[in-house]
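Right, one structure below, let's go through it.
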Number of protein chains: 2
Amino acid sequence: MTETKDENKESQILEAAKNVFQRKGMDGARMQEIADEAGINKALLHYYYRSKQMLFEAVFIKAFSLLAPQLNKVLNDDSSIEEKIRNFTENYLSFIIKHPYLPSFILNELNRNPDFLLKMKANKGFPNLDKFKKQVNLEVEQGILKPIKAEQLFINIVALNIFPFLASPLIKAFANVDDAAYQQLLVDRKTEVAIFIIDSIKIKS
Amino acid sequence: MTETKDENKESQILEAAKNVFQRKGMDGARMQEIADEAGINKALLHYYYRSKQMLFEAVFIKAFSLLAPQLNKVLNDDSSIEEKIRNFTENYLSFIIKHPYLPSFILNELNRNPDFLLKMKANKGFPNLDKFKKQVNLEVEQGILKPIKAEQLFINIVALNIFPFLASPLIKAFANVDDAAYQQLLVDRKTEVAIFIIDSIKIKS
DNA sequence: ACATTTGTTAACCAAATGGTTAAACCATAC
DNA sequence: GTATGGTTTAACCATTTGGTTAACAAATGT
């Protein structure tokens with residue numbers, strides 16, 4: 001129905017597993033349901049991926065590898081902090097709007113099992129704040145930015161971008177908006193969020 | 001170990017259930033584990049709360065009822081938007097630091113089953129943005145605040161306050177800080193977040 | 001042609017799990 | 001004391017679930 005026509009069974013299974021795991025989480029997912037969604041026999045799952053745990057890890061690592069490098073890319077390019085914020089907000093929101101379950105999936109499973117991160121950290125391409133930190137400190141000294149700790153700024157940027165995807169049912173209920181209106185709010189945020197952050201931290205000249 | 005000495009079995013069970021459900025989620029939780037944590041027989045769980053589903057709903061509703069009214073209180077008092085932001089940030093962060101699993105638990109389970117919100121919405125005391133919206137619009141007209149939609153501002157406030165509790169393992173890994181340092185970051189946010197928001201939206205005189 | 005490896009399936013299995021039952025326990029009332 | 005009602009437990013049950021097996025089909029190599 002979506003993509004991955006039929007290349008090979010392996011990625012066809014992975015696609016089905018991704019859908020089920022992201023909907024139900026590791027604990028809620030059933031191997032039978034994944035098999036059904038992939039249109040194959042349950043035993044075949046175990047033929048390709050030995051166990052539920054291994055299938056899950058394959059899905060998780062793929063999802064994480066999709067999300068993390070983008071973050072890294074923006075953090076480590078040569079633009080100013082202001083540009084970084086604009087780029088990140090624009091790119092990341094566009095990306096997540098296409099994969100709305102990703103953030104929730106990844107954060108949940110990391111909470112469930114933080115040790116995962118140890119495996120991930122080994123990979124190079126694992127996001128790293130060093131350059132961003134130096135840059136923030138420098139721009140603060142130069143009087144471009146108001147004093148703020150790089151870590152706090154980083155949390156704020158990520159929070160403003162990702163949170164609406166973690167809490168959509170709740171926000172929809174509180175703000176009394178329907179799906180279409182919420183979708184529009186999200187699109188608006190592609191520019192709104194960057195403005196919001198920059199207005200907060202930039203010293204006007 | 002914590003509170004609820006021994007009042008009655010019912011709340012003793014609820015306390016144990018809360019702990020297990022918040023750690024493991026509905027799907028990951030086991031009735032046996034809840035029974036063990038409550039120091040009772042598994043059959044007794046079913047004696048007090050007929051099924052896992054009912055026990056879960058009792059826990060969930062209690063958690064939600066703890067979180068929601070606070071939000072409502074701040075939104076609907078008579079202070080200015082600026083004061084509301086300060087109050088909310090200060091109060092909510094203090095509260096959540098004491099119950100760090102709550103946000104993750106509630107958001108997860110709502111994503112898993114958004115229909116829950118219909119039940120919740122029936123309760124009076126369910127948070128409502130009407131007053132907040134009017135107030136934002138008014139202060140924008142009066143030139144106190146820069147133009148911003150109330151919904152977006154609301155999302156931003158909640159995101160900045162809650163997100164660090166949803167993503168703690170991830171942020172710790174990215175920012176390379178240990179538990180103690182992270183705890184300190186959270187405490188700092190009690191004032192930092194309010195400043196960050198107000199700097200962004202307030203028109204300087 | 002045929003042997004060998006790879007892919008696929010239906011049937012099966014053992015463990016885990018939510019839930020039930022029937023008996024025991026223990027207060028309080030008579 | 002013992003009848004009565006709620007409380008608690010050990011043992012049990014049916015179903016679900018992850019995983020295996022053994023047979024079969026389809027490629028692939030020779």
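Just so we're on the same page: letters track the sequence lines, and every chain starts at 1.
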To the nearest angstrom, the NZ-P distance between A:Lys9 and D:dA26 comes to 12 Å

For residues A:Ile201 and A:Ile85, determine if any side-chain heavy atom of one lies less than 4.5 Å from a side-chain heavy atom of the other.
yes

Tell me, which of residues 45-53 of chain B have any heavy atom that sits under 4.0 Å from an atom in DNA chain D?
B:Tyr47, B:Tyr48

From CG of A:Leu55 over to P of D:dT17, roughly how many Å is that when rounded to an integer?
16 Å

To the nearest 0.5 Å, what is the distance between CG on A:Asn108 and CG on B:Asn111?
7.5 Å

Answer yes if the ring centres of B:Tyr92 and B:Phe88 are under 6.0 angstrom apart, and no otherwise.
yes

Between B:Phe116 and B:Phe60, does the ring centre distance come in under 6.0 Å?
yes

Between B:Glu15 and B:Lys62, is there a salt bridge with N-O shorter than 4.0 Å?
no

Within this structure, what is the CG-to-P distance between A:Asp27 and D:dT17, rounded to whole angstrom?
12 Å

What integer distance in Å separates B:Lys42:NZ from D:dA10:P?
12 Å

Between B:Asn8 (CG) and D:dG6 (C1'), how many Å, whole number?
14 Å

Between A:Arg30 and A:Ala43, which has a closest nucleotide on DNA chain D that is more 5'?
A:Arg30

Under 3.5 Å, is there a donor-acceptor pair between the A:Lys190 and A:Thr89 side chains?
no

Between D:dA23 atom P and A:Asn41 atom CG, what is the distance in whole Å?
17 Å

Chain B footprint on DNA chain C, 5' to 3' - any atom under 4.0 Å from a heavy atom
C:dT17 to C:dT21

What is the nucleic acid contact for B:Ala29, judged by heavy atoms within less than 4.0 Å: base, sugar-phosphate only, or nothing?
sugar-phosphate

What ring-ring contact (aromatic ring centres under 6.0 Å, His included) pairs are there with at least one residue in residues 26-53 of chain B, not counting sequence neighbours?
none

Mind checking whether B:Asp77 and B:Lys84 have side chains closer than 4.5 Å, heavy atoms only?
yes

Could you check how far CG of B:Asp36 sits from P of D:dA10, rounded to whole Å?
11 Å

Would you call B:Lys202 and A:Asp199 a salt bridge, taking side-chain N to carboxylate O under 4.0 Å as the test?
no

